[in-house]
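Working notes, beginning with the structure itself.
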Amino acid sequence: MSDNTINDVEHLACDVLVIGAGGAGLRAAVEARLAGKSVIVISKSLFGKAHTVMAEGGAAAAMGNANANDNWQVHFRDTMRGGKFLNNYRMAELHAQEAPARIWELETYGALFDRTADGRISQRNFGGHEYPRLAHVGDRTGLELIRTLQQKLVSLQQDDEAAGEPESKLQVIDETTITELFTDGGAVKGAFGYRRSTGRFMAIAAPAIVLATGGIGRSFKVTSNSWEYTGDGHALALRAGARLINMEFIQFHPTGMVWPPSVRGILVTESVRGDGGVLKNANGERFMFDYIPEVFKAQYADNPEEADRWYTDPDANRRPPELLPRDEVARAINSEVKAGRGTEHGGVYLDIASRRSADYIKSRLPSMHHQFKELADVDITAAPMEVGPTCHYIMGGIEVEADTAASAVPGLYAAGEVSGGMHGSNRLGGNSLSDLLVFGKRAGEYAAAHAAAAEPPKLADEEIETAIQNALRPFGNDGENPYELQNALQAVNGRLVGIIRKADELEEALTELAALRPRIENVTAVGGRAYNPGWHLALDLRNMYLCSVTTAMAALERDESRGGHTREDAPGMNPEWRKTNLVVSLEEGAGEVRLTRQPVPQMPPELLDLFDPTELSKYMTPEEYRRDSPAGTPSAGTGPADTDSTEAEEA
Amino acid sequence: MSARTFRVWRGDAEGGDFAEFDVEVNEGEVVLDVVHRIQAEQAPDLAVRWNCKAGKCGSCSAEVNGRPRLMCMTRMNVFEEDEPVTITPLRTFPVVRDLVTDVSFNYEKSRRMPAFAPPKDLRPGEYRMQQVDVERSQEFRKCIECFLCQNTCHVVRDHDENKPEFAGPRLFIRAAELDMHPLDARSDRREWAQDDQGLGYCNITKCCSDVCPENIKITDNAIIPMKERVAGERYDPLVWLGRKIFRKDKAPKSE
């Protein structure tokens with residue numbers, strides 16, 4: 001720390017501050033800049049490395065290129081089914097309607113998707129999608145998305161430069177972490193953070209902020225998520241006064257690598273199954289036929305012959321059960337392993353080698369072929385892969401207004417994984433890339449409009465000083481190493497809040513988390529401020545802790561099983577619970593987490609009509625879907641409602 | 001499980017030295033796993049970049065026993081049992097701290113790259129391209145921006161003085177990608193590579209292709225075709241005469 005400028009805080013200002021440089025953040029930044037606003041994008045990693053690059057399979061959009069029967073209504077239906085009807089219907093509706101335009105727009109930015117024979121964007125099959133729907137580039141679609149948006153931002157910067165505008169009109173600040181949001185009278189007015197490379201602090205005044213920070217996966221040991229995924233946006237929003245919904249719903253992707261141990265959790269794309277791969281247990285049995293739930297029997301084949309015919313004749317046959325929504329497949333694999341039919345390393349086999357030619361596999365799944373060859377010495381054109389569930393995605397997140405992506409805090413918007421509601425209790429594969437484009441754009445648009453009507457905010461020295469003290473605290477502590485504490489936190493979540501849950505274990509988890517709290521508060525960083533990962537993790541830990549508590553609390557409260565929340569002691573869906581969202585917020589002052597219930601927005605009749613009443617009857621109480629019933633009339637339901645029915649206090 | 005000696009360069013722009021760590025290594029591990037173990041158990045402030053740990057993001061580039069590599073894709077079993085493992089930061093870029101370097105050179109060069117120019121007569125949704133035509137550019141879009149090619153290229157590796165004039169292999173494949181893009185509306189990508197990116201500095205030693213973790217044929221499929229076509233147009237007497245008469249100047253940098 002010989003550098004004397006290290007203690008000078010860097011002061012910046014902009015109209016729209018975007019925190020997060022993945023797909024949602026970059027799309028929001030494009031929109032806000034196109035609306036004429038000055039924009040700063042904060043990237044936790046280098047520009048272009050965000051977790052979006054890990055998305056493999058594709059982006060779901062009902063363009064109808066591969067099957068002309070597809071349209072937004074079918075996509076909407078699939079999304080609601082996948083989410084077990086807990087979704088914010090309006091978000092699912094907007095998403096299904098706008099996804100095609102968002103994908104086509106990427107082509108005008110330079111994206112090169114794989115093509116159909118007639119030159120349009122090719123679409124592939126994926127779990128839970130009735131028709132081939134995923135726009136893709138081999139199995140590296142996320143990379144294409146992030147690079148395309150990255151290059152679009154650069155082109156906007158070049159336009160500004162050509163027009164004589166300063167760079168600060170659209171600035172990307174990389175390797176920077178935000179640790180606090182500043183509020184005034186309940187509205188956001190700026191943020192505080194540090195540059196990783198120097199440790200120098202930064203305060204940014206902005207009347208509108210878009211959170212696009214992704215998920216919470218690093219709170220679990222077996223995860224497909226990168227180190228960045230520490231729930232920063234979830235925690236920042238809570239502390240700023242926003243609410244989170246659906247935090248109990250975590251998606252365990254059914255197919256992560258399981259061997260060797262160092263790669264455990266790394267994603268194996270669902271495209272392997274979409275392109276013909278099947279799951280087998282150690283006895284060689286194709287077990288998914290035994291796990292088709294009642295609600296999906298009409299759409300999924302119950303025998304291998306029909307399932308195999310589906311690939312060539314999807315109109316006359318039902319889909320293979322390997323393509324059930326992810327929660328179903330993950331639970332099935334879990335059950336097989338528990339029943340002693342797992343592989344040597346505790347997974348099951350994913351076999352495409354015996355079903356497709358080597359050339360086909362290499363052209364459709366090039367990065368899977370590469371990944372297994374390099375990391376596991378397995379040639380997937382000749383041998384099956386060993387796979388098992390891995391923590392992949394959190395459906396829960398910041399409660400937002402569907403149309404505007406606005407949170408309950410004026411000026412604060414959220415898009416992508418950090419927002420909640422769109423996917424209900426379970427997200428369909430491919431709906432994430434399209435989600436972040438649709439709602440990234442909307443967040444940027446409405447944040448820009450908010451900024452246009454707002455006064456430039458001022459940050460006070462005292463609040464910046466407090467933020468500095470908070471950030472430096474780990475250097476003065478005498479507690480434990482942050483890596484040990486992260487392991488301890490991951491162990492609690494993995495053991496007690498994982499794919500299968502029980503009330504007593506969740507209570508135990510809350511007790512153990514409470515015991516971790518003082519240890520995390522006393523976490524210690526050694527060394528200097530310049531590029532110090534130990535210090536960075538020490539600061540991330542409090543966010544991981546807060547998110548873990550909200551998940552465990554909500555999981556304990558919801559005594560039913562639905563989507564990404566399975567309670568062994570409360571199997572099956574309960575139609576009463578379908579009507580209820582669990583909402584968390586922070587108490588003023590002490591900062592304790594408060595859990596409340598509020599109704600799920602009710603679908604209006606024109607959307608209910610898209611479903612067969614027999615299907616709705618599997619999810620809903622009769623008065624909800626029967627058109628002759630007065631209780632079936634819809635509420636506005638597009639925004640956060642203020643209804644508390646019960647309260648549960650928890651430290 | 002076995003015990004290994006890791007020598008990791010530690011320091012900053014002012015200078016530094018190797019630190020030695022005795023550390024355990026388990027079956028199937030990659031170099032990045034071992035670096036993480038050193039971080040967790042012995043040196044919590046050891047600076048290293050990483051994200052996906054699956055060869056998809058291109059963050060964890062370093063030089064392992066002298067060879068530019070992604071640490072997450074370098075398995076420990078490529079080394080002999082008793083061979084020490086030495087890790088140094090990328091040599092071509094200034095050190096920030098330990099294994100982290102300042103790679104802003106690459107981002108500055110891409111800021112100068114004229115963007116994709118969409119065809120004026122097509123609206124979103126109307127783009128039609130054949131798979132065989134997009135595949136040429138798709139090869140270059142596999143690039144994960146690990147910058148190993150930039151790091152290994154001898155034009156800049158020990159020659160900072162060439163950096164202002166030379167964009168490097170990463171940006172050559174970007175130029176080739178746009179040149180081969182079926183619908184890009186500009187026709188001066190090759191000339192731009194030659195005149196503004198310093199394509200002429202490259203004398204096709206193929207070091208960039210050798211270190212590319214995505215196995216992109218940088219030299220064969222991007223650089224050589226661009227060089228050949230530039231040469232064909234520049235030194236063909238008829239084309240030369242045409243250029244003299246019609247004065248085809250450099251196009252503006254971007255639209």
Side-chain angles (χ1 to χ4, degrees), chain A residues 45-49 51 53-54 100-101 104-105 107-110 112-115 118-120 122 137-138 140 143-144 147 151-152 154-155 157-159 162 197 226-228 259-263 266-267 367 370-371 374-376 481-484 487 525-528 530-535, chain B residues 12 26-30 33 39-41 44-59 73 75 96-98 100 102-103 107 110-111 113-116 118 122 124-131 133-134 137-138 141-145 178 181 183-184 214-215 252-255:
Chain A
S45 291
L46 289 174
F47 188 24
K49 306 298 184 195
H51 202 59
V53 345
M54 292 291 285
W104 287 324
E105 190 171 72
E107 290 199 299
T108 71
Y109 301 171
L112 282 173
F113 292 102
D114 288 347
R115 317 307 296 183
D118 64 352
R120 294 186 293 175
S122 167
V137 185
R140 56 160 191 87
L143 175 67
E144 184 69 13
R147 202 64 82 226
Q151 287 162 352
K152 177 64 178 174
V154 168
S155 84
Q157 290 174 322
Q158 291 171 339
D159 292 348
S197 60
S226 84
W227 67 270
E228 299 178 285
W259 185 260
S262 87
V263 300
I266 292 178
L267 194 63
S367 66
H370 183 70
Q371 178 175 314
E374 296 286 323
L375 294 174
N481 164 336
Y483 301 95
E484 280 167 30
N487 279 338
V526 297
Y531 222 112
N532 182 343
W535 177 41
Chain B
D12 56 24
N26 301 313
E27 188 189 348
E29 286 187 330
V30 294
D33 290 312
Q39 226 180 20
E41 295 172 0
D45 63 338
L46 174 64
V48 56
R49 275 199 189 103
W50 70 284
N51 275 44
C52 74
K53 210 179 164 291
K56 293 187 168 61
C57 76
S59 300
M73 296 303 277
R75 297 194 50 191
V96 172
R97 207 169 150 264
D98 301 343
V100 174
D102 174 0
V103 292
Y107 289 93
S110 61
R111 281 286 290 275
M113 180 82 223
F116 169 67
L122 292 181
E126 293 179 348
Y127 286 35
R128 297 289 179 275
M129 296 175 259
Q130 289 305 307
Q131 183 62 32
D133 295 327
V134 299
S137 294
Q138 280 181 333
R141 288 183 75 83
K142 287 195 315 191
C143 171
I144 56 174
E145 299 201 329
L178 290 166
H181 190 301
L183 293 175
D184 180 53
E214 287 292 309
N215 299 316
K253 271 171 61 184
S254 68
E255 319 194 355

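The sequence lines fix the lettering, A, B, ..., with proteins before strands; numbering per chain opens at 1. Every heavy atom of this structure was used, including side-chain atoms; hydrogens, water molecules and symmetry mates were not.
Of all non-hydrogen atoms in Arg115(A) and Arg128(B), the two that sit nearest each other are NH2-CA, 4.4 Å. Taking both residues in full, the closest heavy atoms of Gly58(B) and Lys49(A) are given as O-NZ, 3.3 Å, listed atom of the first, atom of the second, then distance. Heavy-atom minimum distance, Leu46(A) versus Tyr107(B): CB-OH, 3.7 Å. Minimum interatomic distance between Val526(A) and Asp45(B) (heavy atoms only, all atoms of both residues): O-CB, 3.7 Å. Considering all non-hydrogen atoms of both residues, Pro44(B) and Asn481(A) come closest at CG-ND2, 4.5 Å. For the pair Tyr531(A) and Arg97(B), the tightest heavy-atom approach, listed with the atom from each and the gap, is O-NH1, 2.7 Å.
Interface remark: Leu112(A) contributes backbone and side-chain atoms alike to the contact with chain B (heavy atom separation under 4.5 Å). Only the side chain of Val103(B) comes within less than 4.5 Å of a heavy atom of chain A; its backbone N, CA, C and O stay farther away. Of the two parts of Ala376(A), only the backbone, made up of N, CA, C and O, holds a non-hydrogen atom closer than 4.5 Å to a non-hydrogen atom of chain B. For a residue to count as touching a neighbouring chain, one of its non-hydrogen atoms must lie under 4.5 Å from one of that chain's; by this rule Tyr109(A) touches chain B with the backbone only. Both the backbone and the side chain of Arg141(B) come within less than 4.5 Å of a heavy atom in chain A. For Asn487(A), no part lies near chain B; criterion is any non-hydrogen pair under 4.5 Å. Residue Val96(B) touches chain A through its side chain alone, counting heavy-atom pairs closer than 4.5 Å. Contact of Asn26(B) with chain A is not made at all, since no heavy-atom distance falls under 4.5 Å. Both the backbone and the side chain of Ile144(B) come within contact range of chain A, each with at least one heavy atom under 4.5 Å from a heavy atom of that chain.
Chosen from Ala47(B), Ala54(B), Ser110(B), the residue pairing most often with chain A at heavy-atom distances under 4.5 Å is Ala47(B). Your options are His51(A), Arg140(A), Arg120(A), Met54(A), and the one with the most heavy-atom pairs under 4.5 Å with chain B is Arg140(A). Highest contact tally toward chain A, considering only Glu41(B), Glu29(B), His181(B), is held by His181(B) [criterion: heavy-atom pairs under 4.5 Å]. Ranked by non-hydrogen atom pairs under 4.5 Å with chain B, the options Gly534(A), Pro260(A), Ser262(A) are led by Ser262(A). Of all the listed residues (Val137(A), Val53(A), Asp114(A)), the one sharing the greatest number of non-hydrogen pairs under 4.5 Å with chain B is Asp114(A). Among Val100(B), Val134(B), Leu46(B), Asn215(B), the residue making the largest number of heavy-atom pairs under 4.5 Å with chain A is Val100(B). Most heavy-atom pairs under 4.5 Å with chain B: of the set Glu484(A), His370(A), Gln157(A), this distinction falls to Gln157(A).
In this structure, the separation between CZ on Arg147(A) and NZ on Lys142(B) is 14.0 Å, given to the nearest 0.5 Å. In this structure, Leu375(A) CG and Met73(B) CE are separated by 4.5 Å, a value rounded to the nearest 0.5 Å. Distance CG/Leu143(A) to SG/Cys143(B): 8.0 Å, rounded to 0.5 Å. Here Ser226(A) contributes atom OG and Lys56(B) contributes atom NZ; the two are 13.0 Å apart, rounded to the nearest 0.5 Å. Rounding to the nearest 0.5 Å gives a distance of 7.5 Å between CD of Glu214(B) and OG of Ser367(A).
In the displayed structure, Glu27(B) atom CD is contacted under 6.0 Å by at most 12 heavy atoms of other residues, nucleotides or ligands.
In this pair, Trp50(B) and Trp227(A) present their aromatic rings tilted. The plane angle is within the 30 to 60° band.
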- Query: Can Leu183(B) and Glu107(A) be said to form a side-chain contact (heavy atoms from CB on, under 4.5 Å), step by step?
  - Reply: CA-CA 10 Å; Leu183(B) 293 175; Glu107(A) 290 199 299; over 6 Å; no
- Trace of the side-chain contact (heavy atoms from CB on, under 4.5 Å) decision for Met113(B) with Gln151(A): CA-CA 10 Å; Met113(B) 180 82 223; Gln151(A) 287 162 352; over 6 Å; no
- Message: Working note: Thr108(A) + Tyr127(B), criterion side-chain contact (heavy atoms from CB on, under 4.5 Å); need CA distance, chi angles, decisive distance, verdict.
- Response: CA-CA 9 Å; Thr108(A) 71; Tyr127(B) 286 35; 3.4 Å; yes
- I would like to know whether Glu228(A) and Asn51(B) meet side-chain contact (heavy atoms from CB on, under 4.5 Å); could you show each step before the answer? CA-CA 7 Å; Glu228(A) 299 178 285; Asn51(B) 275 44; 2.9 Å; yes
